[in-house]
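What follows is a short report on a single structure.
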Amino acid sequence: MNLPEATNFIEQIINEELQAGKFESRGNQLQVRFPPEPNGYLHIGHVKALCINFAVKEKYGAKLNLRMDDTNPAKEDYEYVDSIIDAVKWLGFEYDKLVFASDYYDKLYEIAEKYIMDGNAYVCDLSADEITATRGTLTQPGVNSPYRERSAEENLKLFREMKAGVYPDGAKVLRAKIDMASPNINMRDPVIYRIAHVPHYRQGDKWCIYPMYDFAHPLSDAIEGVTHSLCSLEFENHRPLYDWMIEKAGFPKPVPRQIEFARLNITNTLMSKRYLKKLVDEGFVHGWDDPRMPTLMGLKNRGVPPAALKKFVSDVGVAKNYSVVELAQLDECIRDELNRTAERAMAVLDPVKLTITNYEGEEELDFEVNPLDGGTKTRKIKFSGSVYIDRDDFALVPPPKYKRLTVGANVRLKAAYIVHCDDVKLNAEGEVEEIFCTYYPQTRSGSAEKCDIKAKGVIHWVDAKYGRQVEFRRYKPLLKDEEYPDQDYAERLNAESESVFCGMCEPYVAEGPDEKPYQLMRTGYYKKCTIGGATVLSEIVTLKDNFNK
RNA sequence: UGGGGUGUCGCCAAGCGGUAAGGCACGGGAUUUUGAUUCCCGCACUCGUAGGUUCAAAUCCUGCCACCCCAGCCA
């Protein structure tokens, strides 16, 4: 498994703690967790957190729970739970337990009552607007709620009534009693329970009060016995609150420790669930798993190998700098993986007929499946002397350093013969309609005989008699462009993000299994799939090209 | 403006007082029956900035500057 090696600063912290004997009381058994909210599909940004946590699991033999942080019933559903599990499994990660924050609701409620009894929480009748208004600003302290000094008994009675459904949504909340003058706004008596008469996808109508993240998250960690709670930078401001919650609940040491790292950003890549959901809901894409989506299911459908994603995270590293990685770095990881694993195949995107005038009959040729495996594996391809080549592999007027076919030149048909171009037929518009060549029989691919016939280059081809018509589909990932905000830009990129064109491929590709990636010589990595009954070759990533060097 | 963070090559990122790793990108060359791959070679006398401490600083100290996060009954 290709795990990130650059978790250094996190490892440094853990190593120091281990050395200090912090976890001896629990046999040095570390524990981490991956806690997505099931309100959307996992996207490529989540791979980083996944890799980091699983790296800790691997490196320290830690336990790792996949925890659904489902404390907001209005947004969550089983569909998302399932998709998250699928994505994690697709990546090849094996967690120890699947848990749900909603399974802790009873326990969390008990802790809330304890807070009340200890004078650490109170029921507040202020409206949401009033709470906002009394919270103060970045520079001004907040003012205490008039309900802040209610007695424990009264708070308990009120809180139980909240739970019993006596009050409508928004009428009351439970707040932590911390410090309305704290320079850290998160500490200004944050709401920890709100009333929401909304059924929960797992709990049904059992509850009408739901815990907030700042309360549920640290306590869920503590309940599970998490030792290291790894999260992204935006939660740094919440850490004092995280520690407060656990301390006031009275959990024994060692208590979970929150460590933050910078989240993954990729240039031009949408990375917010909110916006991705919008694309799905408003029909700009076919679904969360549309191959243009940066979701893991989208990447899977596009044909991106999980190993490439892990390599990417590993290459990018883990630090606290706010960073935006170039998309090229991801593409390179995908190419690197596919180059080693994908079978080579021939297909032409824009076919032009090439006829070999001195060839008769037909034969089978050996084609190397992947030159990187030692060139041992081959498969047979049929050759009938009449082929299609790609339109830009022929030039009427060759540019400087052109290495492909032009009238009067020799070029090798990959895995076949060197041919000499004698003539070309143009149509009324002056476009190339057919190319006529003669071949040199002694140049058959693989023949040991030495011959002094040289070719300018090698081009790929599809046999005219045996090749299959096929559709090529390019799904350009949905790219973010700051110039085009929201919807206008969603429409724009949707219009440009899917291109379809017709070409030819080897029968082997048309008949081979779905989902297997192929490298189409000199163009890119594709995988075959069936859309609406038609065989299509859909692009995963292009090959690097140095045509213009 | 209060608080919390971060500033090392175009983009990531090591570095933790001893004289700037690596990856991506880029440029040059070699090999190549994919203009792919592979392979060499080049790519920060300098670490946001200004001072200070030291024989010695990206690393320690001080000031300044820039950027990010926080005022949801979202997570």
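Keep in mind that what you see is a predicted model, and the values were worked out from it rather than measured. Chain identifiers are assigned alphabetically (A, B, ...) following the order of the sequence lines, protein sequences preceding nucleic acid strands; residue numbering begins at 1 within each chain.
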Short side-chain N/O contact to B/U34 OP1/OP2 from A/Lys403, under 4.0 Å: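 Result: no.
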Below the 4.0 Å mark, does B/C11 have OP1 or OP2 next to a side-chain nitrogen or oxygen of A/Thr267?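 Looking at the OP1 and OP2 atoms of B/C11, neither is under 4.0 Å from any side-chain N or O of A/Thr267.
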Please produce a list of atom pairs where a protein N or O lies less than 3.5 Å from an N or O of nucleotides 39-41 of chain B.
none

Write down the distance separating the [atom1] atoms in [N] and [M], rounded off to the nearest Å.
N     : M     : atom1 : answer
B/C70 : B/A20 : P     : 40 Å
B/A50 : B/C55 : C1'   : 23 Å
B/A57 : B/G18 : C1'   : 9 Å
B/C64 : B/G2  : P     : 11 Å
B/G10 : B/U53 : P     : 32 Å
B/G22 : B/C60 : C1'   : 27 Å
B/U38 : B/U1  : P     : 49 Å
B/C68 : B/G48 : C1'   : 15 Å

For A/Cys231, all residues meeting side-chain contact (heavy atoms from CB on, under 4.5 Å), sequence neighbours excluded: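 A/Phe235, A/Gln258, A/Glu260.
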So, using side-chain contact (heavy atoms from CB on, under 4.5 Å) as the criterion, who are the partners of A/Val99 when residues are at least two apart?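 For A/Val99 the side-chain contact (heavy atoms from CB on, under 4.5 Å) partners, ignoring immediate neighbours, are A/Asn65, A/Arg67, A/Lys97, A/Tyr104, A/Glu224.
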Write down the distance between [atom1] ([X]) and [atom2] ([N]), rounded to a whole number of angstrom.
X        : N     : atom1 : atom2 : answer
A/Glu326 : B/C9  : CD    : P     : 13 Å
A/Tyr439 : B/U33 : OH    : P     : 21 Å
A/Asn265 : B/C12 : CG    : P     : 9 Å
A/Phe9   : B/G5  : CZ    : C1'   : 12 Å
A/Gln258 : B/G5  : CD    : P     : 12 Å
A/Arg188 : B/G2  : CZ    : P     : 13 Å
A/Phe261 : B/G5  : CZ    : P     : 17 Å
A/Asp179 : B/G3  : CG    : P     : 14 Å

Determine which nucleotide pairs with [N], using a 3.5 Å limit on both distances of a Watson-Crick or G-U wobble pair.
N     : answer
B/G2  : B/C70
B/G7  : B/C65
B/C45 : none

Kindly indicate whether the side chain of [X] and the base of [N] share any N or O donor-acceptor pair separated by less than 3.5 Å?
X        : N     : value
A/Arg412 : B/U33 : yes
A/Gln140 : B/G2  : no
A/Arg239 : B/G4  : no
A/Glu260 : B/G5  : no

Find the distance between NE2 (A/His43) and OG1 (A/Thr269) and round it off to the nearest 0.5 Å. 11.0 Å
Can you measure from CG (A/Leu537) to OH (A/Tyr525) and round to the nearest 0.5 angstrom? 15.0 Å
Could you classify B/G42 for me, syn or anti, using a glycosidic angle within 90° of 0 as syn?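 Anti, since the glycosidic angle lies more than 90° from 0.
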Identify whether the glycosidic angle of B/C45 places it syn (within 90° of 0) or anti. syn
What I want to find out is whether A/Lys382 reaches A/Glu364 closely enough, with some N-O distance under 4.0 Å, to be called a salt bridge. no
Salt bridge flag under 4.0 Å for residues A/Glu343 and A/Lys516: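 The answer is yes: the pair qualifies as a salt bridge.
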Considering residues at least two apart in sequence or located in another chain, which fulfil the salt bridge (Lys or Arg N to Asp or Glu O under 4.0 Å) criterion with A/Lys380?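 Testing A/Lys380 for salt bridge (Lys or Arg N to Asp or Glu O under 4.0 Å), a comparison that skips the adjacent residues, returns A/Asp366.
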Listing request: all salt bridge (charged side-chain N to carboxylate O under 4.0 Å, His left out) pairs with a residue in residues 181-202 of chain A, at least two apart in sequence or in separate chains.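 Sorted pair list: A/Asp103-A/Arg202, A/Arg148-A/Asp189.
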Pairs in or reaching into residues 164-176 of chain A: which pass salt bridge (charged side-chain N to carboxylate O under 4.0 Å, His left out), with residues at least two apart or in two chains?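 The answer is A/Asp125-A/Lys172.
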Quick check, are the ring centers of A/Tyr508 and A/Phe367 under 6.0 angstrom apart?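 Centroid distance A/Tyr508-A/Phe367: not below 6.0 Å, so no.
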Can we call the ring centroids of A/Tyr526 and A/Tyr518 under 6.0 Å apart? no
With A/Asn72 via side chain to side chain donor-acceptor pair (under 3.5 Å) - residues at least two apart: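 Checked A/Asn72 against side chain to side chain donor-acceptor pair (under 3.5 Å); zero matches.
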Looking at residues at least two apart in the chain, or sitting in another chain, which of them share a side chain to side chain donor-acceptor pair (under 3.5 Å) with A/Arg257? A/Glu17
Quick check for you: among [options], whose closest atom lies nearest to any side-chain atom of [X]?
X        : options            : answer
A/Glu236 : B/U8, B/G4, B/G23  : B/G4
A/Tyr322 : B/G2, B/C68, B/G35 : B/C68
A/Arg344 : B/U34, B/C11, B/G4 : B/U34
A/Lys320 : B/U6, B/U37, B/A14 : B/U6

5'-most contact on RNA chain B: A/Leu233 or A/Ala416, nearest heavy atom basis?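 So the residue in question is A/Leu233.
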Specify the residue among A/Ser323 and A/Leu543 whose closest nucleotide of RNA chain B lies further upstream toward the 5′ end. A/Ser323
Readout for nucleotides 70-75 of chain B: B = base within 4.0 Å of protein heavy atom, S = sugar-phosphate only, - = neither; 5' to 3' it is BBSBSB
Would you indicate what [X] reaches in the nucleic acid, counting non-hydrogen atoms under 4.0 angstrom: base, sugar-phosphate, or nothing?
X        : result
A/Gln519 : base
A/Tyr210 : nothing
A/Arg340 : nothing

